[in-house]
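Note that the coordinates shown come from a computational prediction; the quantities given were computed from them, not determined experimentally.
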Amino acid sequence: MPAVSHDNTAGRAATPDTPPAPPRPSAAGLPDAGLRLLAVHAHPDDESSKGAATMVRYVRAGADVLVATLTGGERGDILNEAMDRPEVRANLPRIRREEMARAREILGVRQEFLGFVDSGLPEGDPPPPLPDGCFALQKLEDAAEPLVRLVREFRPHVMLTYDENGGYPHPDHVKCHEVTIEAFDAAADPDRYPDCGAPWQPLKLYYFATFHRARFTALHEEMQRRGLESPYAEWLAEWEEGPPKGLEITTRVPCAEYFTVRDQALLAHATQIDPESTWFACPPEVAAVAWPTEDYHRARSVVDTELPEDDLFAGIREMVNR
């Protein structure tokens, strides 16, 4: 693995004679200035339902946070009845981009679409074939190339994405996992993707561990304790019969004070999120007491840190020239 400096000279090769670029003006003097986080997602709205409060925490502490959205969500369903109108269906690709623009403004992150076409979620037994040209059918090298280029330009210290099952078995989520692994491994190798910029080695890769039994049990019990109706009893009963195998949680990031911002960003995706759905059944102040963290599985690390962690940048801060 080539030696790569982890200073703040984003977008160009770092050399001993190249001084680190100053932090972004708005971040100067903040504790996380100079740190960079890249979250890789399949569709617009995924960034607001997985790890959003974590991103807000780091942005407000001065880190540079970028969301890479691999597809435009063109084949997504309209999941909010109030938005299921002919003019919305006719313009769904444009509307989903507009929703993404609102969400990224709420979260305070930067965001880029990488240009692939949503594969849709095939339904049926057997499921129909995926559409020609969609993201999930791309060759791995072709699908990963834009992300490798983005990694080398943005030079993240930490990357986030889904596990090998995609978090749930959507073909774009599974492909997103494969592409992110490829980019994490290839970005530092000058012999791979040679036309995609100077090499860069991200230091850590995490998988989202958002939907797990311990969290929903805690939310359910706290709602019951407060006399609130919980929507989670049925889920927990199903898990009692055969609980899904979850990821090992290695890292819990405290971010409860940003749960309300997370909900606002999620609501910005109005075609995808029903305001009356179970996404918002647990009030943020209740969730802050019951489960005040967002959780992750550390999948790769080239720095030596002890587990468990409470910070995605653990072991990295002292390595970064700021």
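- The shortest side-chain heavy-atom distance between Met100 and Phe113 falls under the 4.5 Å cut-off.
- In summary, Asp185 and Arg300 engage in a salt bridge, as defined by a charged side-chain N under 4.0 Å from a carboxylate O.
- The existence of a salt bridge linking Lys139 and Glu141 is excluded, since no basic side-chain nitrogen approaches an acidic carboxylate oxygen closer than 4.0 Å.
- Counting only heavy atoms from C-beta outward, the side chains of Val286 and Leu219 never approach each other to under 4.5 Å.
- Between Asp32 and Arg317, the closest side-chain pair of non-hydrogen atoms falls below 4.5 Å.
- Here the CZ-NZ distance, from Phe211 to Lys50, works out to 5.5 Å after rounding to the nearest 0.5 Å.
- Judged by distance alone, with hydrogens and angles left aside, the side-chain atoms of Gln111 form no donor-acceptor pair with the main-chain N or O of Val67 at under 3.5 Å.
- The two atoms that bring Ile273 and Leu266 nearest to each other are CG1-O, 3.4 Å, heavy atoms only.
- Met223 and Leu236 fall within the same hydrophobic cluster, where Ile, Leu, Val, Met, Phe, Trp and Tyr residues are linked whenever their side-chain heavy atoms come under 4.5 Å apart, directly or through other members.
- Of all heavy-atom pairs spanning Leu147 and Thr180, the tightest one is CD2-CA, 3.8 Å.
- In plain terms, the two heavy atoms of Asp310 and Pro254 that are nearest each other are O-CD, 3.5 Å.
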Under the salt bridge (Lys or Arg N to Asp or Glu O under 4.0 Å) rule, what do Glu309 and Lys204 come out as? Steps first, then yes or no, please.
CA-CA 12 Å; Glu309 302 170 323; Lys204 287 179 168 184; 2.8 Å; yes
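- The closest side-chain heavy-atom distance from Pro156 to Val151 is below 4.5 Å.
- Residues Ala103 and Ala268 come closest through the heavy atom pair N-CB, 3.9 Å.
- At most 12 heavy atoms of other shown residues, nucleotides or ligands fall within 6.0 angstrom of atom CD in Glu105.
- Taking a cutoff of 4.0 Å between a charged side-chain nitrogen and a carboxylate oxygen, Arg225 and Glu221 do not qualify as a salt bridge.
- In this structure, Val174 is not a member of the same hydrophobic cluster as Val117, with clusters built from ILVMFWY side-chain heavy atoms closer than 4.5 Å.
- Applying the ring-ring contact (aromatic ring centres under 6.0 Å, His included) definition to pairs two or more places apart or across chains, those involving residues 43-67 are His43-His170, His43-His173, Tyr58-Phe313.
- Once rounded to the nearest 0.5 Å, the distance linking CZ of Arg60 with SG of Cys255 reads 12.0 Å.
- The side-chain heavy atoms of Val56 and Glu257, taken from C-beta on, include no pair separated by under 4.5 Å.
- Within the model, atoms CZ of Phe154 and CZ of Arg110 stand 5.5 Å from one another, a figure rounded to the nearest 0.5 Å.
- Looking at heavy atoms from C-beta onward, Leu121 lies out of side-chain contact with Pro127 at the 4.5 angstrom threshold.
- Between Leu114 and Val179, every side-chain heavy-atom pair lies at or beyond the 4.5 Å cut-off.
- The CG atom of Leu37 sits 9.5 Å away from the CG atom of Asp64 when rounded to the nearest 0.5 Å.
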Where do Gln224 and Tyr232 land on the side-chain contact (heavy atoms from CB on, under 4.5 Å) test, with the steps shown first?
CA-CA 10 Å; Gln224 286 193 319; Tyr232 307 124; over 6 Å; no
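- Between the CZ atom in Phe216 and the OG1 atom in Thr278 there is a gap of 8.0 Å [rounded to 0.5 Å].
- Among all heavy-atom pairs drawn from Val253 and Tyr296, the shortest one is CG2-CE1, 3.8 Å.
- Arg75 places a side-chain N or O within donor-acceptor distance of the main-chain N or O of Asp118, the cut-off being under 3.5 Å.
- Remark: the backbone N or O of Gly315 is not paired with any side-chain donor or acceptor of Thr305 at under 3.5 angstrom.
- No side-chain donor-acceptor contact under 3.5 Å links Asp77 to the backbone of Leu79.
- Counting only heavy atoms from C-beta outward, the side chains of Leu107 and Val59 never approach each other to under 4.5 Å.
- Residues Leu205 and Leu307 do not share a hydrophobic cluster, clusters being chains of Ile/Leu/Val/Met/Phe/Trp/Tyr side chains in contact below 4.5 Å.
- Classified by interplanar angle (parallel below 30°, tilted 30° to 60°, perpendicular above 60°), the ring pair Trp200/His157 is perpendicular.
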Mind running side-chain hydrogen bond (donor to acceptor under 3.5 Å, both in side chains) on Glu47 and Thr69 for me, showing each step along the way?
CA-CA 8 Å; Glu47 84 296 326; Thr69 311; 5.2 Å; no
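- A salt bridge does not link Glu294 to Arg57: none of the charged side-chain nitrogens sits closer than 4.0 Å to a carboxylate oxygen.
- For Val148 against Cys196, the heavy-atom pair with the smallest separation is CG1-CB, 4.1 Å.
- Taking the six-membered ring for Trp and the full ring otherwise, His269 and Trp279 have centroids separated by 6.0 Å or more.
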Given Asp45 and Arg96, is the salt bridge (Lys or Arg N to Asp or Glu O under 4.0 Å) satisfied, shown in steps?
CA-CA 9 Å; Asp45 83 75; Arg96 294 205 70 179; 2.6 Å; yes
Check step by step if side-chain hydrogen bond (donor to acceptor under 3.5 Å, both in side chains) holds for Glu182 and Tyr193.
CA-CA 11 Å; Glu182 174 76 359; Tyr193 303 91; 2.8 Å; yes
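- Phe259 is not connected to Val289 by any chain of hydrophobic side-chain contacts under 4.5 Å among Ile, Leu, Val, Met, Phe, Trp and Tyr, and they are in different clusters.
- For Glu276, the CD atom sits in a loose shell: 12 or fewer heavy atoms of surrounding residues, nucleotides or ligands are nearer than 6.0 Å.
- Cluster membership check: Leu150 shares its hydrophobic cluster with Ile181, using side-chain heavy-atom separations under 4.5 Å among Ile, Leu, Val, Met, Phe, Trp and Tyr.
- Between the side chains of Asp163 and His297, no donor-acceptor pair is found at a separation under 3.5 Å.
- In this structure, the separation between CG on Asp172 and NE2 on His41 is 13.5 Å, given to the nearest 0.5 Å.
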